[in-house]
Structures are given as C-alpha cells and as structure tokens.
Amino acid sequence: QVQLQESGPGLVKPSQTLSLICTVSGGSITTRYYYWTWIRQPPGKGLEWIGHITDSGSTYYSPSLKSRTSISRDTSRNQFSLQLSSVTPEDTAVYYCARDVRYSGLSEYDIWGQGTQVTVSS
C-alpha cells in the first residue's frame, strides 16, 4: 500500500526557510497520473493548497505563495520536498503531503501523510 510520511524541523525562525520532505513508499512518484501535493492547515483555519509536482516533474503553486515556494523531487529516493522562504508566524500550520489522483480527469486526494506541525517563532 502507498504511504506518505512528512519529515523536517518542527520549529523555524521568522525570515528563514521552511523545509520539509515527503517520503513515498509503496509506489513511485513518477507513476503517470499522480500529482504530489503540499497542503497546510493553520490553527483554527481550513486547508490551504500550497502546490504540487506532477509525475513528469512540472510544478505549480498557489498564487498567494508562489513567490516564496519551491517544490522539487528526488526520484532516486522517491521523495518530494517543500521549501517555503521568508516565513512569518502566519506560516505556522500543520503541513501535509498528499497524492492527487488525476487519471479520471478529476482531482482526488486519496492518500495523505499524517501531517507535521511547523511553528514559526523566534
């Protein structure tokens, strides 16, 4: 079965870069029609889509975060990563990685990591 696991520091200082890795097991991140996605949920708020990287390595980001966001992948390790620069306390959230299934022409997040808390504080 496919599993996703987030990892990275739980505390980041303001103005620095938030870096997370999602490790995928049980399936390849290059398999066609799967997009690999970062989503976050600030305290007391709803889910916010950050961006994704496709099966071929193309990236797309939320317009509100695009200038600060970079998603990349390491196919040899079956991992994809998130870099969010110039963070502020408003970036404090639980960060999730998820698989977005596109083979049907829809967007379905069928597999999620458990989430990891990231706090931005000095």
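Excluded from the calculations below are hydrogen atoms, water molecules and symmetry mates; all remaining heavy atoms, backbone and side chain alike, are included.
For the ring pair (Phe, Tyr, Trp, His ring centres under 6.0 Å) with Trp38, the qualifying choice from Tyr95, Phe80, Tyr60 is Phe80, the only one to do so. In summary, of the residues considered (Glu6, Gln3, Gln79, Arg77), a side chain to side chain donor-acceptor pair (under 3.5 Å) with Thr23 occurs for Gln79 alone.
In terms of hydrophobic clustering, with Ile, Leu, Val, Met, Phe, Trp and Tyr side chains grouped at heavy-atom distances under 4.5 Å, Trp49 and Leu4 are assigned to different clusters. Tracing side-chain contacts under 4.5 Å through hydrophobic residues (I, L, V, M, F, W, Y), one never reaches Val24 starting from Tyr35; they form parts of separate clusters. By the criterion of side-chain heavy atoms lying less than 4.5 angstrom apart, applied directly or through intervening Ile, Leu, Val, Met, Phe, Trp or Tyr residues, Ile39 is grouped together with Val94 in one hydrophobic cluster.
A perpendicular orientation is assigned to the rings of Tyr103 and Tyr34, their planes being inclined by more than 60° (bins at 30° and 60°).
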Using a 3.5 Å cut-off and no angle test, enumerate the donor-acceptor pairs between side-chain atoms of residues 112-122 and protein atoms at least two apart in sequence or in another chain.
{"unit_1": "Trp112", "atom_1": "NE1", "unit_2": "Tyr109", "atom_2": "O", "d": "3.1"}
{"unit_1": "Gln117", "atom_1": "NE2", "unit_2": "Thr119", "atom_2": "OG1", "d": "3.4"}

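Side-chain contact between Ile111 and Gln1: absent, with no pair of heavy atoms (C-beta onward) separated by less than 4.5 Å. Taking 4.5 Å as the limit, some side-chain heavy atom of Asn78 sits within range of a side-chain heavy atom of Ser28. With a 4.5 Å cut-off on side-chain heavy atoms, Tyr96 and Cys22 do not count as touching. Counting heavy atoms from C-beta outward, Ile71 and Trp36 have side chains that stay 4.5 Å or more apart. Residues Ser107 and Arg102 are in side-chain contact: their nearest non-hydrogen atoms beyond the backbone lie under 4.5 Å apart.
Under the 3.5 Å distance criterion, with hydrogens and angles disregarded, a donor-acceptor pair is assigned to the side chains of Thr54 and Ser56.
Side-chain contacts under 4.5 Å among hydrophobic residues (ILVMFWY), followed directly or transitively, place Leu11 with no other residue at all.
Here the side chain of Asp55 pairs a donor or acceptor atom with the backbone of Tyr33 at under 3.5 angstrom. Side-chain atoms of Arg68 come within 3.5 Å of backbone N or O of Ser85 as a donor-acceptor pair.
Closest non-hydrogen pair, Gln83 versus Ser19, comes out as OE1-OG, 2.9 Å. The heavy-atom pair separating Val12 from Thr17 by the smallest distance is CG1-O, 3.9 Å.
With rounding to the nearest 0.5 Å, the separation of OG1 in Thr88 from CG in Leu18 is 11.0 Å. Interatomic distance, Asp91 CG to Arg40 CZ, rounded to the nearest 0.5 Å: 4.5 Å. Rounding to the nearest 0.5 Å gives a distance of 9.0 Å between CG of Leu20 and OG of Ser81. Atom CG in Asp74 sits 8.5 Å away from atom CD1 in Ile21 (nearest 0.5 Å).
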